[in-house]
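Here is the naming used below: chain letters follow the sequence lines, and residue numbers restart at 1 for every chain.
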Protein chains: 2
Amino acid sequence: MDSHRSLTSRAYHQIREMVLSGEIQPGSRIQIDQLRKSLDMGASPVREALSTLSSEQLVVRSEQRGFWAPDVSVEDFKNLLDTRLRVEAIAISDAVEHGDPAWEERIVMLQYRLNSLDRTEKAIEWEAAHRDFHHALIAACPSHYLVDFCMQLYDLAVRYRNIARPAAYPKRKISNEHQGIAEAALARDGDRAARLLVEHYRKTGEFLFDCLSEQDGAIKEAV
Amino acid sequence: MDSHRSLTSRAYHQIREMVLSGEIQPGSRIQIDQLRKSLDMGASPVREALSTLSSEQLVVRSEQRGFWAPDVSVEDFKNLLDTRLRVEAIAISDAVEHGDPAWEERIVMLQYRLNSLDRTEKAIEWEAAHRDFHHALIAACPSHYLVDFCMQLYDLAVRYRNIARPAAYPKRKISNEHQGIAEAALARDGDRAARLLVEHYRKTGEFLFDCLSEQDGAIKEAV
DNA sequence: TCACCCAAAAATATCGATTTTACTTACAAA
DNA sequence: TTTGTAAGTAAAATCGATATTTTTGGGTGA
């Protein structure tokens, strides 16, 4: 990729992936020296990457004491989801209002791609396509501030999805939901698109919510 | 301050101030070596600070080519303001719904402090108090994601205010507007608080909008 | 005059080593 | 026991130097 030219950006992307995937456990310490060795680079690029990640909430920095993977909690996930629903509803309405033909075509293309990929067999590609699809929906929103914020929340939500580790994905046809949202967007029905998107997130959210609560329970029992 | 213990955080705050105040001109290059000397420290803390700032949109990073102060434009300010109005309206409604006595007391206290300070004679203190006041209004919003985002947008807006350099501040009594918002919030009238807050920002926004447009005109004439 | 290429200069990116800070353990005094 | 203190250890923070990359400026040929 173009953005992996410098060691700093390689470190950024790799550490980011480790946090999002749950490979680095929530609440656990992130040691610079250890990363430095496993990534085979000096401390500077690692520190820079961690600094950047910490202002994206993907890493928590404690002055003079190092870096940590953020804690997770049902409470936090509730806030995250709730914020996302409301902000992204605004973003998609804006996008529907301002989208041009290129915006439409990209949505169509990505929806097709998403349908072509098997979620479990081609997990990496599916993840990337899913993110691209949701980005494409709101990409025509004139405020890049809003779009960037939505994608930041998207990433944090994906982390919760990975950490909740659902035994199996729900049976409801997610691709149908995607199609509904895309159709509403392309039909320039902003309200409907927003409503369906919110519903889509809320359903996924509640499913994960249950997974998380079970884990919490299991942990408490173990103690 | 507590947060200035490390060189990195000193660098962060100082560079941030330089960008927000307009001391570093929009679009101009930010040279590491120059900063390193003027701040009297090594390159590492400076780079870390710049990395952090770049993911807060206060600095633009161009891979392998260094760092720059973000460009400004009327278009961008429009987006920024518009985003802010809508997101902060949500935040203050939430805060009004969830605020506790400590939240109320802090608003009262900060409004008093703000009124006691002269905007031109005690500019630094006024700025800090103004930021604290606006933060206090939304601080009871349960989603720290939303609150943090609002404050990020607040800072970007302050940058525009500093860059627009209004010859004189408008005559309208800003403290009255603040009081109106605070009263509505304390009376638990979320809708009214949101409406007044939006109005407050929009008025300031349009005022700055004019200043910026004039500057644009002046620049074009000079060329 | 203009476009193009190459060498010198400047600036960024990175590393390895040093310094500083925070945490832990051990021990002594109350 | 509890409290306080001091030495030792581990990790982060920082620095100075080196390696890479980009930019600049001048010269050449069409």
Colleague: Which residue pairs pass the ring-ring contact (aromatic ring centres under 6.0 Å, His included) test with at least one member in residues 23-42 of chain B, sequence neighbours excluded?
Modeller: none
Colleague: What is the 5' to 3' range of DNA chain D, first to last nucleotide, that sits under 4.0 Å from any heavy atom of chain B?
Modeller: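 Span of nucleotides near chain B: D/dT14 to D/dT23.
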Colleague: Regarding A/Asp82 and A/Tyr201, do their side chains bring together a donor and an acceptor under 3.5 Å, going by distance alone?
Modeller: no
Colleague: Tell me, with the steps shown, if B/Arg106 and B/Asp100 meet salt bridge (Lys or Arg N to Asp or Glu O under 4.0 Å).
Modeller: CA-CA 10 Å; B/Arg106 191 166 161 77; B/Asp100 61 6; over 6 Å; no
Colleague: Taking any heavy-atom pair under 4.0 Å as a contact, classify A/Ile30: base, sugar-phosphate, or nothing.
Modeller: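 Sugar-phosphate, backbone atoms only, no base.
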Colleague: With no hydrogens and no angle check, do the side chains of A/Thr120 and A/Asp118 hold a donor and an acceptor under 3.5 Å apart?
Modeller: yes
Colleague: Do B/Arg61 and B/Ser51 pair up side chain to side chain, a donor and an acceptor below 3.5 Å, judged on atom types alone?
Modeller: yes
Colleague: Please list residues of residues 53-61 of chain B whose heavy atoms come under 4.0 Å from any atom in DNA chain C, ordered by number; otherwise none.
Modeller: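 Those residues whose heavy atoms fall under 4.0 Å from DNA chain C, taken from residues 53-61 of chain B, amount to none.
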Colleague: Within this structure, what is the OG-CD distance for the pair A/Ser44 and A/Glu48, rounded to the nearest 0.5 Å?
Modeller: 7.0 Å
Colleague: Can you tell me how far apart CG (A/Leu80) and CG (A/Leu85) are? Round to the nearest 0.5 Å.
Modeller: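 Those atoms lie 9.5 Å apart.
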Colleague: Which two nucleotides bound the region of DNA chain C that has atoms under 4.0 Å from heavy atoms of chain B, read 5' to 3'?
Modeller: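 Result: C/dA11 to C/dT14.
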Colleague: Report, as yes or no, whether the 6.0 Å neighbourhood of atom CD on A/Gln25 holds more than 12 heavy atoms from other residues, nucleotides or ligands.
Modeller: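 No, not enclosed.
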Colleague: Can you sort out which residues in residues 37-48 of chain B have a heavy atom within less than 4.0 Å of DNA chain D? Ascending by number, please.
Modeller: B/Met41, B/Gly42, B/Ser44, B/Pro45
Colleague: Do B/His134 and B/His200 make the cut of ring centroids closer than 6.0 angstrom?
Modeller: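 Distance test on ring centres: under 6.0 Å, yes.
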Colleague: Verify the distance criterion only: is there a donor paired with an acceptor across the side chains of B/Glu17 and B/Tyr12 at less than 3.5 Å?
Modeller: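 No pair is found: no donor N or O on one side chain lies under 3.5 Å from an acceptor on the other.
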Colleague: Answer yes or no: is there a donor N or O on one side and an acceptor on the other, between the side chain of A/Ser28 and the main chain of A/Ile24, under 3.5 Å?
Modeller: no
Colleague: Touch check for B/Arg36, heavy atoms < 4.0 angstrom, all strands: base, sugar-phosphate only, or nothing?
Modeller: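 If one applies the 4.0 Å heavy-atom cut-off, B/Arg36 turns out to touch nothing in the nucleic acid.
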Colleague: Just jot down the side-chain contact (heavy atoms from CB on, under 4.5 Å) partners of B/Gln31, sequence neighbours excluded, or say none.
Modeller: B/Arg29, B/Gln34
Colleague: Can B/Lys37 and B/Asp33 be counted as an ion pair, charged N to O under 4.0 angstrom?
Modeller: yes
